[in-house]
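Accompanying notes for the structure given below.
Basis for what follows: all heavy atoms, side chains included, without hydrogens, waters or symmetry-related copies. In what follows, chains are A, B, ... by sequence order, proteins preceding strands, each numbered from 1.
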2 protein chains.
Amino acid sequence: MGTKERRQREFEARERLFLDTARTLIRDEGILALQMARLARACDYATGTLYQHFSSKEDLLVALATRRLEEHAQYFCQAATWQASTRERMFALTVADYRFARRHPGYSRLLQFAFTEVVWDGASEARRRALQDALQPPARAVRQIVQEAIDTGDLPDHGQDAGALMLGPWGLCTGIQSMIQTRGLLEGLGIPEPGQQLFRHSQFLLNGLGWQPLMNPVDDKALSRLVRRIENEVLANIGTAADNGMEP
Amino acid sequence: MGTKERRQREFEARERLFLDTARTLIRDEGILALQMARLARACDYATGTLYQHFSSKEDLLVALATRRLEEHAQYFCQAATWQASTRERMFALTVADYRFARRHPGYSRLLQFAFTEVVWDGASEARRRALQDALQPPARAVRQIVQEAIDTGDLPDHGQDAGALMLGPWGLCTGIQSMIQTRGLLEGLGIPEPGQQLFRHSQFLLNGLGWQPLMNPVDDKALSRLVRRIENEVLANIGTAADNGMEP
DNA sequence: TCTATTATTGAATACAATTCATTTTTTGAA
DNA sequence: TTCAAAAAATGAATTGTATTCAATAATAGA
């Protein structure tokens with residue numbers, strides 16, 4: 001009876017195999033070296049079979065970015081449900097994102113690449129939507145923090161939608177991170193310790209939003225203490241055991 | 001005597017021709033459609049001659065991004081020397097960047113693409129350095145504003161380097177802009193008017209930095225008035241006459 | 001004027017993504 | 001169980017382009 005369902009399941013399993021193998025290949029040899037034929041061969045399938053799943057190489061890259069985003073989202077949601085003040089939780093998202101990017105530099109570069117016109121427009125509509133869908137859970141988690149902060153009075157009600165309010169911290173985070181990714185860029189501008197700056201500016205922005213309790217972002221001691229606390233209480237189990245991410 | 005110099009000049013003129021033509025081709029047909037052989041032909045040169053200038057297609061793209069950055073920098077420096085408070089000038093940079101990106105969407109996507117691992121690492125060291133150099137003048141202009149703000153007391157001296165302080169506003173700006181670039185991304189998350197949000201969050205961040213005079217970022221009237229004033233007084237001459245940019 | 005040097009050329013090469021005619025496997029009716 | 005039709009898998013051929021390089025042309029300097 002369920003023969004159709006079985007085929008469906010097998011098809012999905014094979015897609016996972018392709019994506020997992022692609023991840024390994026990219027980790028070992030870089031995005032540039034990824035070849036469709038080699039990937040298919042490495043999975044003991046023909047090239048054409050790979051194209052049953054992905055309409056193009058770009059399509060595959062967006063799918064890969066999506067898969068990793070889903071994993072990332074777990075840590076993200078974990079940070080969102082941490083037992084701490086709304087402001088600390090909001091900041092924890094920035095720390096989680098930063099740590100995740102440091103731990104999986106290949107993945108972060110892939111995400112950056114996926115959002116590029118060339119790749120994004122080269123992927124199928126379905127894949128683009130899938131990536132959008134993968135963004136929903138973390139987006140919901142963040143909205144929830146923002147909403148709770150407004151409800152408890154930690155964050156003044158600016159009359160803005162929660163989604164709009166999260167755009168700032170999120171944009172700041174990805175903007176600075178993508179500069180960090182670009183080899184030599186910040187060094188060339190004489191800007192040291194960009195990670196520290198990211199944390200500091202996130203705090204400046206939260207202060208600007210009037211998010212209580214305010215914090216002094218240039219108190220390096222306190223900031224480091226907070227970051228370490230987040231790493232211990234929220235991110236401790238990142239990068240252990242089953243984690244076979246994209247780190248070099 | 002100066003035959004060597006003349007050749008040098010001719011070589012540089014030809015490089016400009018290649019870049020200008022590439023810009024036109026990209027404007028008309030997109031980055032994807034740019035072909036080295038077609039570009040060479042369009043300039044009445046052989047393919048090999050193009051490779052005397054650019055070691056690879058990526059090399060060309062970084063060179064192109066650099067050229068546009070240099071033009072962008074002019075408006076940028078103009079904003080920096082505007083007769084207004086340090087805070088207004090700092091904010092004007094964000095507005096200038098945003099307007100430039102809206103006016104030249106192809107260029108902005110190109111810059112985003114250029115900073116991607118695949119392109120950045122595919123370009124020659126010389127080209128990468130050239131792009132870095134093109135970044136210096138605007139960076140200096142921004143540092144100058146920050147320094148003046150500290151000196152006049154508009155901005156509390158946080159004990160931070162001016163370069164470090166500008167990273168926040170800059171990162172926020174590029175981060176949100178690159179989300180705007182990605183077709184459908186913010187719509188999918190239900191975040192409307194991203195341009196407005198960018199301006200608003202820039203102001204939130206400046207408030208957070210304690211940059212005087214503070215402003216209420218959710219006073220849409222006042223914010224719009226300021227943006228319009230910047231457009232009139234600083235950006236009025238963008239997009240006129242000789243401007244043959246990348247707009248569609 | 002002539003040779004050596006340098007620059008230009010574009011056809012040939014190389015490399016990978018993608019396609020598609022062929023083969024293999026699966027399905028479900030007889 | 002058999003078999004024809006349908007579906008899926010295959011990988012060699014096709015295609016599209018970036019890049020190279022042997023041949024040719026232009027230039028410089030003796």
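Under 4.0 angstrom from either OP1 or OP2 of dA8(D) there lies no side-chain N or O belonging to Gln52(A). Considering only side-chain N and O atoms, Thr49(A) lies under 4.0 angstrom from the phosphate OP1 or OP2 of dT10(D). At least one side-chain nitrogen or oxygen of Arg41(A) sits closer than 4.0 Å to the OP1 or OP2 atom of dG11(D).
What separates CG of Asp44(B) from C1' of dT9(C) is a distance of 13 Å, to the nearest Å. When the C1' atom of dT6(C) is taken as reference, atom CZ of Phe11(B) falls 13 Å away, rounded to whole Å. What separates CZ of Phe54(A) from C1' of dT19(C) is a distance of 18 Å, to the nearest Å. One can place CG of Asp59(A) at 12 Å from P of dT19(C), the figure rounded to the nearest angstrom. Atom pair His53(A):NE2 and dA7(D):P shows a separation of 17 Å (rounding to whole Å applied). Between Leu50(A) atom CG and dA17(C) atom P the separation is 10 Å, expressed in whole Å. A straight line from CZ of Phe18(A) to C1' of dA9(D) spans 10 Å, rounded to a whole angstrom.
For Arg14(B) and Glu10(B), the salt-bridge test fails: no basic side-chain N is under 4.0 Å from an acidic carboxylate O. We find that Arg68(B) and Glu71(B) are joined by a salt bridge, their nearest charged nitrogen and carboxylate oxygen being less than 4.0 Å apart.
Applying the side-chain contact (heavy atoms from CB on, under 4.5 Å) criterion to Leu32(A), with sequence neighbours excluded, gives Val118(B).
Of the residues His53(B), Arg127(B), Arg128(B), the one that meets the side-chain hydrogen bond (donor to acceptor under 3.5 Å, both in side chains) test with Asp59(B) is Arg127(B).
Contact annotation: the side chain of Met90(A) approaches that of Val142(A) to within less than 4.5 Å [non-hydrogen atoms, C-beta and beyond].
Each end of the helix from dT1(C)-dA30(D) to dA30(C)-dT1(D) gets its own axis from five base pairs, and the two axes differ in direction by 10°, given to 10 degrees.
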Would you mind building the protein contact string for nucleotides 13-30 of chain D? One character per nucleotide, 5' to 3', B for base within reach (heavy atoms under 4.0 Å), S for sugar-phosphate only, - for untouched. ----SSBB------SS--
Pair Arg16(B)-Glu12(B), salt bridge (charged side-chain N to carboxylate O under 4.0 Å, His left out): steps then yes or no: CA-CA 6 Å; Arg16(B) 273 194 300 280; Glu12(B) 281 161 14; 5.0 Å; no
Under the side chain to side chain contact (heavy atoms under 4.5 Å, CB included) rule, what do Leu50(A) and Tyr45(A) come out as? Steps first, then yes or no, please. CA-CA 7 Å; Leu50(A) 186 53; Tyr45(A) 283 102; over 6 Å; no
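The aromatic ring centres of Phe76(A) and Phe100(A) sit 6.0 Å or more apart.
Judged by the 6.0 Å distance and 45° axis criteria, Arg102(A) is positioned over the aromatic ring of Tyr98(A).
Within 4.0 Å (heavy atoms only), Arg14(B) reaches sugar-phosphate atoms of the nucleic acid but no base atom.
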